[in-house]
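Take a look at the structure set out below.
Nothing fancy with the numbering, it's 1 onward along the sequence. For ligands, and for the atoms within them, numbers begin at 1 and follow the listed sequence.
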Amino acid sequence: MHGVIIHAPKDLRIEPIEVRDPGPHEVRVRIECGGICGSDLHYYHNGGFGTVRIKEPMALGHETAGTIDAVGSEVHHLETGMRVALNPSQPCGTCKFCRKGQSTHCLNMHYFGSAMRFPHAQGMFRQMLVVKENQVFQIPDSMSMSEAANAEPLSVALHAIRQAGSLVGQKVLITGCGPIGALVVIAARYAGASEIVVTDVSDFPLTIAHKAGASTTINVAAHPEELAHYSADKGYFDVLFEASGNEAAFRSAVETVCPGGRVIQLGLGGEMGIVMNTIVTKELQLLGSFRFDAEFGYAVDLMSKKLIDVSPVITAALPFQQAVEAFDLAGDRARAMKVQLTFD
Ligand code: ZN
């Protein structure tokens, strides 16, 4: 069995990886599909982000789906052959935040494919993986493995929508149309937004935003004035989802939000200056949004019932043996959005 292992920036290798039997409350899953996330790309290009750095070889990946291959002795609700989506998040359940129902903020979080802790939490890009039974969500035969592997980023988008509160009849601006921005478009449309404007600095992601349900798209590199005119008369949008992590994008977008509007910051871009005067004088609400919790189950359920279709976001799939090519493609915003690896 093999996995996709990062050793250093631009040093991604396909290497043998150990497979073990599941413990009593674990299952072993034969991975079939795995999506490349922005954080995987940060490890690949830069060896990490912020203070999070690769200090030992680490398997990447945290957006996966597959078929159960073996179940532990105490697992009663799952069986071999079930098709499943895998939640990469494993909060401890006992720290002060877990006990308050804030498991996203767990003090001992184990998140697959993350170098935040040391030894690193090894990732899910591998042919076989053992997970805890509560990380496994059954999917129907009508759902593809490709869709199921998108449950994790869709959960991030759904969490952001919940942070914003009701979107019914709301005018929404989404800045930054990577996979998360595009999934927020899909989720915001489902959640009742009346108008969705999407900005990016590249044309290709904006074509996907259209397919995902955007009312209007603006390339702010080519036509910044098209966004700026929404700033007139104290703004236009009720809700801003800032998904670029870019300070200039944040500053220009906040000016287009109406008094009393909500700004949901999803993009992680290091230290960003806040336009405090605008936030104060327009009485804006600024909220962060990070990862997800119960939304993983909601994501699987909504896709299972065909209420949310994530397929516009998925632009390519390559065999995991071609991981380097896949990572290079995933980093090219002029050609790709969500790139997935297939495992056999
Ligand atoms: Zn905890």
Side-chain angles (χ1 to χ4, degrees), residues 20 22-29 31 34-35 37-40 42-43 48-56 58-65 68 71-78 84-126 129-138 148-165 180 183 245 264-268 270 286-301:
R20 64 179 176 85
H25 288 283
E26 293 177 329
V27 301
R28 190 170 64 205
V29 177
I31 300 293
C37 170
S39 66
D40 296 316
H42 279 300
Y43 290 122
F49 43 89
T51 57
V52 179
R53 295 280 142 190
I54 304 165
K55 300 189 187 78
E56 62 176 345
M58 181 177 82
L60 291 175
H62 56 265
E63 304 176 0
T64 58
I68 295 179
V71 299
S73 57
E74 298 299 318
V75 176
H76 302 302
H77 68 296
L78 300 167
V84 294
L86 300 176
N87 183 344
S89 172
Q90 195 184 294
C92 76
T94 56
C95 75
K96 64 180 178 180
F97 296 116
C98 281
R99 280 180 290 153
K100 277 170 73 180
Q102 292 180 294
S103 60
T104 308
H105 302 284
C106 174
L107 295 174
N108 306 304
M109 176 65 86
H110 183 284
Y111 207 93
F112 278 88
S114 169
M116 279 190 187
R117 57 194 293 158
F118 188 87
H120 300 334
Q122 294 292 321
M124 301 172 124
F125 286 166
R126 58 175 89 192
L129 176 69
V130 172
V131 293
K132 294 217 174 351
E133 59 178 322
N134 64 4
Q135 293 178 273
V136 173
F137 290 72
Q138 190 179 3
N150 242 298
E152 195 268 359
L154 178 59
S155 308
V156 173
L158 292 174
H159 184 68
I161 300 289
R162 293 181 86 202
Q163 291 291 85
I180 295 295
L183 288 166
I264 313 301
Q265 182 66 37
L266 282 134
L268 280 167
L286 174 60
L287 279 169
S289 185
F290 185 58
R291 290 181 177 167
F292 55 86
D293 186 18
E295 292 87 356
F296 194 91
Y298 304 161
V300 171
D301 192 37

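For the residue pair E133 / H25, a side-chain donor-acceptor distance below 3.5 Å is found, with atom types taken as modelled.
Side-chain atoms of Q265 do not come within 3.5 Å of backbone N or O of L286 as any donor-acceptor pair.
Only protein N, O or S atoms were considered, and those under 2.8 Å from the Zn ion (ligand 1) are C92 SG, C95 SG, C98 SG, C106 SG.
Between H110 and R117, some side-chain heavy-atom pair lies under the 4.5 Å cut-off. For the pair I68 and V84, the minimum side-chain heavy-atom distance is below 4.5 Å.
Listed by chain and number, the residues in a side-chain contact (heavy atoms from CB on, under 4.5 Å) with S89 are N87, P91, M109, Y111, F292 (sequence neighbours excluded).
The shortest non-hydrogen separation linking G288 to Q163 is O-NE2, 2.9 Å.
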